[in-house]
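The structure appears below as structure tokens.
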Amino acid sequence: MSAFVTGDRLLRRTSRAGGGWTATLAAVALLGATAELLLPAALGRAVDTALTNGSGWSTATACALVLVLICVDTLSDLATGLGAARATAGLRRHLLRHLFALDVRATRRHPVGDLVGRLVSQAADAGQAGNALVLAAVAIVPPLGSVVALTIIHPALGITLLAGLTVLTVLMRAFVTDASAVTASYQRELGTIAGRLLESLNGARTIAAAATTHREQERVLATLPTLNQYGHRGWTLLATASARTAAVAPLLNLSVVAVGGYALTAGWLTPGQLVAAIRYAALGTGLGGVLATLNHLVRSRAGAHRLAEVLTQPAAPTGTRPLPPGGGTLRLRAVSVYTDDGQPILDRIDLDVPAGCTVAVVGTSGAGKSTLAAVAGRLHDPDAGDVHLDGVPLRHLDPAALRRAVGYAFDQPVLIGATIHDAIGLALPTESATPPTATTPAVLAATRAAAVDDVVERLPDGYHTPLAHTPLSGGETQRLGLARAFTAERLLILDDATSNLDTATEHRITQATTAHTDPRTRLLITHRASTAAAADLVAWLHTGRLRGLAPHHQLWADPDYRAVFTPTSSQP
């Protein structure tokens, strides 16, 4: 399904997401429109009554209608704000759930800054859909009601107003068409700038070290002139539409007044009816609010389409099967992964990793090592082939069971959680009966295995020190990432996860990850001959193919295998 169709469906669904507040807005706005239509008639009746020395009920009715309009304005503001807040919150939850359901390849197609922009700005625009649709629908009532009322007063008055409103409708339709395209382009360019800005902020130290701040500013803001053009075009369209409306509306108002004045002199109208006709003419031609509502609707539709571009990407299917008893046997069969343009990253990989075995995955840069690690624990699915853990295809496993069974550690880990304990135990099930200050035994064991327990114990609140207030070196962060992986039950996948460690710490962790006393299966992505030598088997990748699977000392006889490592590598 196209993003365009999904965007319109999302817009309709969002218009209902405000729930009771949107319904309240509709009722209140309709009450206000009705009061606006009744007020001119009440004023006209009050004038005729005053001229004939009649009762004051018409004046009291007009005052009551004015009071109703005041209350309507107050309630409309309340319902508008709360309804939009509810709808926007629902949209953001929906988008976040979908983003987390996508595999890593899908999310990488969008810069993080662009996704944040969609989540914050475009979701807020789309969240106004319910308000915009309700107000746009109700905004039609006063002009149409004015035509009916003027026709009742005298048909010539209704025909005059209807002819002018037809011209204004054509002008507004042209505005909606042009503004929709401009707003969508503006939001797209804004997302590009946001994506580049976040990249630059993440690389601030590199930029400062290279003294390229000015050049980076130019790169981030390279599309600013284009953004300015779209913004200028958008405001120009709105101003032009407002100017046309402002030009046509007074002429139309004067036309109704002229016809009404002639009708009064001809004796077709009473003075009170002329007053009412003038008020209905002003009400029917007061389309400034309609134009503003249409502008909000255009922004909501453009925002919904931007969200739909992400939501139309299929989420990774989730399984429901639990893991059977087993020790972490990993099996890859005819696994292939391709780039977006169809080039193979992994090409028909067959790999068997026995339970409890340590396999080092080596290869030159671009050989497919990290991609193999990603599919081995289902960070994303292969484009062809299957990956099994203890006999069950990963795509059929319950996600919670999979994440408890498989632990990942990366070369540049990102720690997530309120405290150090939360960051390490991220994949552990939450026990409701556990006190918030308790330390899980699995977390303690993982920090010891990652040689980071001494660092944590020196912190002011130990394992419950707030993560945001904990200064960590690159090596300490990497060890905490390792500890998070070590809480897994069956399979450890370490993707160059010791690159920032000193030699002594790395040796200690390598011993822990390759120890045969650990029953878990281990997949180690490495560039180091010493790590490969400590493993039970080495999977040698070359241009996406599995070139060899054997112990390190057997592969070392091949000069091409030796060339995988640094020139100074020697047989350990």
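All values below come from the heavy atoms of this structure, side chains included, with hydrogens, waters and symmetry mates left out.
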Is it the case that the side chain of [X] and the backbone of [Y] share a donor-acceptor pair, with hydrogens and angles ignored and the cut-off at 3.5 Å?
X: R547; Y: R545; answer: no
X: T419; Y: D422; answer: yes
X: D390; Y: G328; answer: yes
X: D352; Y: R331; answer: no
X: H98; Y: P314; answer: no
X: T465; Y: G462; answer: yes
X: R520; Y: A488; answer: yes

- Taking the inter-plane angle between the rings of H464 and H421 on a 0 to 90° scale, is it parallel (under 30°), tilted (30 to 60°) or perpendicular (over 60°)? parallel

Would you kindly say whether [X] and [Y] are connected by a side-chain donor-acceptor distance under 3.5 Å?
X: H305; Y: E309; result: no
X: D398; Y: T320; result: no
X: D125; Y: Q122; result: no
X: R13; Y: H94; result: yes
X: H542; Y: T364; result: no
X: R188; Y: S185; result: yes

- Begin from the C-alpha positions of D114 and R118 and carry the test salt bridge (charged side-chain N to carboxylate O under 4.0 Å, His left out) through to its verdict. CA-CA 6 Å; D114 175 63; R118 295 176 198 245; 2.9 Å; yes

- Would you call R219 and E216 a salt bridge, using N to O less than 4.0 angstrom? yes

- Item | Electrostatic pair R448-D454, nearest N-O below 4.0 angstrom | no

The criterion is salt bridge (charged side-chain N to carboxylate O under 4.0 Å, His left out); which residues satisfy it with [X], sequence neighbours excluded?
X: D453; value: none
X: E189; value: none
X: D350; value: none

- Return yes when atom NE2 of H380 has more than 12 non-hydrogen atoms of other residues, nucleotides or ligands closer than 6.0 Å, and no otherwise.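 More than 12 within 6.0 Å, yes.
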
